[in-house]
2 protein chains.
Amino acid sequence: MKLLIVDDDGLIRDSLKLMLETTDGWTARTAADGEDAFVKCREELPDIILMDIRMPVCDGVEATRKIKEAFPEVKIVMLTTFTDDGYITSAINAGAEGYLLKSTPADGIIERIRAVEKGAMVFDKGVNLSAKKPEAVIFDILTERENEVLALVATGLSNGEIAAKLFLSPGTVRNAVSVILEKLELRDRTQLAVYYWRNSVG
Amino acid sequence: MKLLIVDDDGLIRDSLKLMLETTDGWTARTAADGEDAFVKCREELPDIILMDIRMPVCDGVEATRKIKEAFPEVKIVMLTTFTDDGYITSAINAGAEGYLLKSTPADGIIERIRAVEKGAMVFDKGVNLSAKKPEAVIFDILTERENEVLALVATGLSNGEIAAKLFLSPGTVRNAVSVILEKLELRDRTQLAVYYWRNSVG
DNA sequence: ACTTTCATGTGACATTTGTCACAATCTTGT
DNA sequence: ACAAGATTGTGACAAATGTCACATGAAAGT
């Protein structure tokens, strides 16, 4: 089986690859971000993609959407450290087959990948499934673009840098940040970063 | 950067080495116990030592004391499975720069090693340190005041709010922030917050 | 005594940031 | 067809931020 591991952290990429390739007949390639993942898919279509959610450039949800659109037969499993409700609904809406936590032990992850291969949808028990209604985007206060901008703000990028990365004008990014701040009832980008990291880890 | 991994368990030694050497420019040697570690230090001085506490022959605290005495410029991070209070104070008294739990995910360990490289003292949140504040990140290169300001910036306060809280003039706080940024090689307070939380909570 | 470091402060300056008003597309659903 | 919302953009403006030069006093080390 051909796997594609998408994660911005090189260490996780490599250790996952190392781990999964101990399983007979499994091979794994890696990608550093959503765009990279798309390119790798075009080169050689994997059976299953393990996709991190929070990534710079093109986040996991966005990447899932794009890849599913172009290659609907690929199965995508979100793999993340967070039990974030909002992201789960986004991920499901984007077409993901599963949602696993990185805290899952190695053998558990392999087992679940096997299940997905057979056509199952898997969700880790740490994941709150009450929000598993594709319509429940109401919980997603932020639009996709806004989530994208938020993730970049939370890595410490300036508006200009974010604009360059997303091919937008700096003014647009500033507006986006402004809207995000209002929606989340925060004051400035520093609080945004704090909020982001506190809520993703806690 | 040159690392030295000291652990009596061969499996842990090797997997840590494997993991850490995936990081660009990092090389790692290993030692099985405290005495071995001392010998390896004399052969080739590492930048940072990851030291297990419980070892036969010469335990981690003892080894830390000896090595720090002979090679004070080496930075030593205790790496252990236990949240044992008695050991942590001993470790600090022996001169260790940090105290991490083996349960910390791989990327967290690497982040923290980077922080130690820059002169930080890091303590995992699972570690109970009655004297320390919940945010147990103290940077050596920063003065007391600067650490104080940093902690407040990292909660999302503005310069004015920090000034009010510490009974300082806003200008002083701005200067302090400016110095912190330069010392940590960061650009703005948002990056400061991100950096701070990545190194304290991860 | 002398130097260094820290803590504190001021004033000036350019830049960044966040807000507001407004507007042109484009998609989606009714 | 129309409404609603998302996306993108501009221009103007006030506030916050970060940098620099400079200065004073206290504490600590040599």
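Keep in mind that the numbers below use all heavy atoms, side chains included, and drop hydrogens, waters and symmetry copies. Per chain, numbering begins at 1; letters A, B, ... match sequence-line order.
In this entry the distance linking CD of Glu161(B) with P of dA15(D) reads 16 Å, nearest Å. Note: CD (Gln191(B)) to C1' (dG18(D)) measures 13 Å, nearest angstrom. Atom CG of Leu168(A) is separated from atom C1' of dT10(D) by 14 Å (rounded to the nearest Å). Atom-to-atom, CZ of Arg187(A) to P of dT17(D) comes out at 7 Å; the value is rounded to the nearest Å. If you take CG of Leu186(A) and C1' of dT19(C), they are 16 Å apart, rounded to a whole angstrom. Here the P atom of nucleotide dC20(C) and the CG atom of Asn175(A) are 11 Å apart, to the nearest Å. Distance, Glu185(B) CD to dT19(D) P: 13 Å, rounded to whole Å. For the pair Ile180(B) CD1 and dA7(C) P, the computed distance is 10 Å after rounding to whole Å.
Under 4.0 angstrom from either OP1 or OP2 of dT19(C) there lies at least one side-chain N or O belonging to Ser178(A). At the phosphate of dC6(C), neither OP1 nor OP2 sits under 4.0 Å from any side-chain N or O atom of Arg145(B). For dT17(D), one of the phosphate oxygens OP1 or OP2 lies less than 4.0 angstrom from a side-chain nitrogen or oxygen of Arg189(B). Taking side-chain N and O atoms only, Thr172(A) has a distance below 4.0 Å to OP1 or OP2 of dG9(D).
Heavy atoms of Asn159(A) sit under 4.0 angstrom from primed sugar atoms or phosphate atoms, though from no base atom. Base engagement by Arg174(B) is indicated by at least one non-hydrogen atom pair under 4.0 Å involving a base atom.
Of the candidate nucleotides dG18(D), dT10(D), dT17(D), dT10(D) has the atom lying nearest to any side-chain atom of Ser169(A).
A salt bridge does not link Glu43(A) to Lys40(A): none of the charged side-chain nitrogens sits closer than 4.0 Å to a carboxylate oxygen.
No more than 12 heavy-atom neighbours from other residues, nucleotides or ligands sit within 6.0 angstrom of CD on Glu182(B).
Here the shortest heavy-atom pairing between Val194(A) and Gly156(B) reads CG2-N, 4.0 Å.
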Margin query: Apply side-chain contact (heavy atoms from CB on, under 4.5 Å) to residues Leu18(A) and Leu18(B) and explain how you reach the verdict.
Written below: CA-CA 10 Å; Leu18(A) 208 66; Leu18(B) 202 69; 3.3 Å; yes
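Checked options Thr27(A), Ile113(A), Leu20(A), Thr23(A); the residue passing with Met1(A) is Ile113(A) (criterion: side-chain contact (heavy atoms from CB on, under 4.5 Å)).
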